[in-house]
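Input: a single structure, listed below in structure tokens.
Computed from heavy atoms alone, side chains included, the values below leave out hydrogens, waters and symmetry copies. As the structure lists them, so they are numbered: ligands from 1, and atoms in each ligand from 1.
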Amino acid sequence: MKKFATQAIHAGLEPDPTTGAVMTPVYLTSTYAQEAPGKHKGFDYSRTNHPTRQALERNLAALEEGTYGLAFGSGMAATSTVVLSLSAGDHVVCGKDVYGGTNRVFTQVFQRFGLKFSFVNAHQPAEVRGAILPETKLIWLETPSNPLLHITDISEVVEIAHKKKVQMAVDNTFATPALQNPLTLGADLVVHSTTKYLGGHSDVVGGAIVTKNEEWYQKLKFLQNAVGAIPGPLDCFLVLRGIKTLAVRMEKHCGNAQRIAEFLSHHSEVEKVYYPGLPSHPAHIVAKRQMRGFGGMLSFELKGHVDRALNMASSTKVFTLAESLGGVESLIGHPASMTHGSIPKEEREKAGLKDTLLRLSVGIEDVEDLIQDLDQAIKQSAKS
Ligand code: P1T
């Protein structure tokens, strides 16, 4: 099998059969001519199957070392489609530290339909084991997690899950397939917000699921078509184009984030830094074993009151204060009021997410400019 950077550019992609176009065309069509009823070239209606989407799905499957890929209109659409495979009465064990929107859709939407969720520290495998009930069907976790960058030993939790005949889904958005492949560590499903590093340029919203398991694929493909949370053709094209540079971008994201994590961890005004690439991270060894790099996301707490953190978030000049992550440009965010604002304060605090936490999506700009920007914003935050 070809190496990752080659796969990212070529896997699943053929020159267009009608014109030879090297770039997969954006097929703007909802329907396809049939020679006779039911006799067609593999495409009959674009919710069911679409050529630009199919190219993206094949590419994603190869990158995650899976067999089947499915693309969705957003990360939340992908997440929701996995949960739609469950039935009323089924139970899910979910990591406490996950994207706020994941917690929101589980507790505020799916719970109303009779599904049950328990939230545990998924990076403590004993907590996962302890939360499994006879009706548990799925374990859901992020590693690294959003926003506290907890690292879960995927193989260890897979073993716990499979012993109890429970399926395991890993949201691999923060790591990307360039750095980590949960399916090769035994996970049943990998989920992505392709809005982030896969798209890579903050210009598209999308999601994906990848699996090796034919039964899972049939179930999810049925739901993708039945429920219809599909991406549009241009969105698929943009994600495919982003993926072509994923390998080089991730190298730079990792290098810049490591430098910034080291800078912040030595800064006298910084209380704590959360980054799996620091030897002080409690699961640095696990991250080193299961990842090929530590990623571009990091979080930290400034010394002092929450107002200081808010001031800093508004004082950067190169980092943009914004939701989302994974684009070429650096972003700063305040999880408690932004990405995780939908989780009640009490729950956030139980999960260790303090109101003083700031999150960085470290981009691929010159790292000296990024460090200088953070330094001036920290100084500025003390004044205001
Ligand atoms: O935004 P969407 O494409 O629907 O993806 C949702 C999602 C799923 N999983 C993880 C780990 C995520 O971080 C997200 C979205 N996160 C943000 C918008 C954010 O700023 O954290």
Exercise for review: With atom 14 (C) of ligand 1 as the reference point, say which of Phe174, Tyr99, Phe72 has the nearest heavy atom.
Suggested key: Tyr99
Point to revise | Atoms in ligand 1 with a heavy atom of Glu142 nearer than 4.0 Å | key: 11 (C)
Practice item. List the closest protein heavy-atom neighbour of atom 1 (O) of ligand 1: residue, atom name, distance to the nearest 0.1 Å. Key: Lys196 NZ, 3.5 Å
Exercise for review: Please answer whether the main-chain N or O of Ile343 pairs with a side-chain N or O of Asn103 as donor and acceptor at a distance below 3.5 Å.
Suggested key: no
Exercise for review: Report the member of Thr173, Thr79, Asp171 with the shortest heavy-atom distance to atom 9 (N) of ligand 1.
Suggested key: Asp171
Check your understanding: Between Asp375 and Ile371, is there a donor-acceptor pair closer than 3.5 Å when you use the side chain of the first and the backbone of the second?
Key -> no
Exercise for review: Check each atom of ligand 1 against the heavy atoms of Ser74 and keep those under 4.0 Å away; list them by number with element.
Suggested key: 3 (O), 4 (O)
Check your understanding: So which heavy atom in the protein is nearest atom 2 (P) of ligand 1, and how far is it from that ligand atom?
Key -> Gly75 N, 3.4 Å
Point to revise | Protein contact to atom 19 (C) of ligand 1 [nearest heavy atom, distance to 0.1 Å] | key: Thr339 CG2, 3.3 Å
Practice item. Using a strict cut-off of 4.0 Å, indicate which atoms of ligand 1 neighbour a heavy atom of Gly206. Key: 3 (O)
Review point. With a 4.0 Å cut-off on heavy atoms, is Ser324 touching ligand 1?
Key: yes
**Study point:** His192 ring center near Tyr197 ring center (under 6.0 Å)
**Key:** no
Practice item. Between His192 and ligand 1, find which residue part has any heavy-atom pair under 4.0 Å and reply side chain, backbone, both or neither. Key: neither
Review point. According to the interplanar angle, ranging from 0 to 90°, do the rings of Tyr275 and Phe294 count as parallel (below 30°), tilted (30 to 60°) or perpendicular (above 60°)?
Key: perpendicular
Check your understanding: What protein heavy atom is closest to atom 4 (O) of ligand 1, reported as residue, atom name and distance in Å?
Key -> Met76 N, 2.9 Å
Review point. What is the nearest protein non-hydrogen atom to atom 13 (O) of ligand 1, stated with its residue, atom name and distance?
Key: Asn146 ND2, 3.0 Å
Review point. Parallel, tilted or perpendicular: which describes the rings of Phe106 and Phe117, with under 30° parallel and over 60° perpendicular?
Key: parallel
Point to revise | Ring geometry between His123 and His150 (parallel below 30°, tilted from 30 to 60°, perpendicular above 60°) | key: parallel
Point to revise | Option nearest atom 3 (O) of ligand 1 (shortest heavy-atom distance, choices Thr195, Leu325, Val204) | key: Thr195
Check your understanding: Leu331 and Ser324: which non-hydrogen atoms are nearest, and at how many Å?
Key -> CD1-O, 3.4 Å
Exercise for review: Give the numbers and elements of all ligand 1 atoms closer than 4.0 Å to a heavy atom of Arg359.
Suggested key: 19 (C), 20 (O), 21 (O)
**Study point:** Donor-acceptor contact below 3.5 Å, side chain Asn49 vs main chain Phe43
**Key:** no
Study note, to complete from the structure: Note: Met338, heavy atoms under 4.0 Å from ligand 1, region reported as neither
Check your understanding: Between Thr52 (side chain) and Pro25 (backbone), is there a donor-acceptor pair under 3.5 Å?
Key -> yes
Exercise for review: Ignoring hydrogens and angles, state whether a donor on the side chain of Gln218 or Glu214 is under 3.5 Å from an acceptor on the partner side chain.
Suggested key: yes
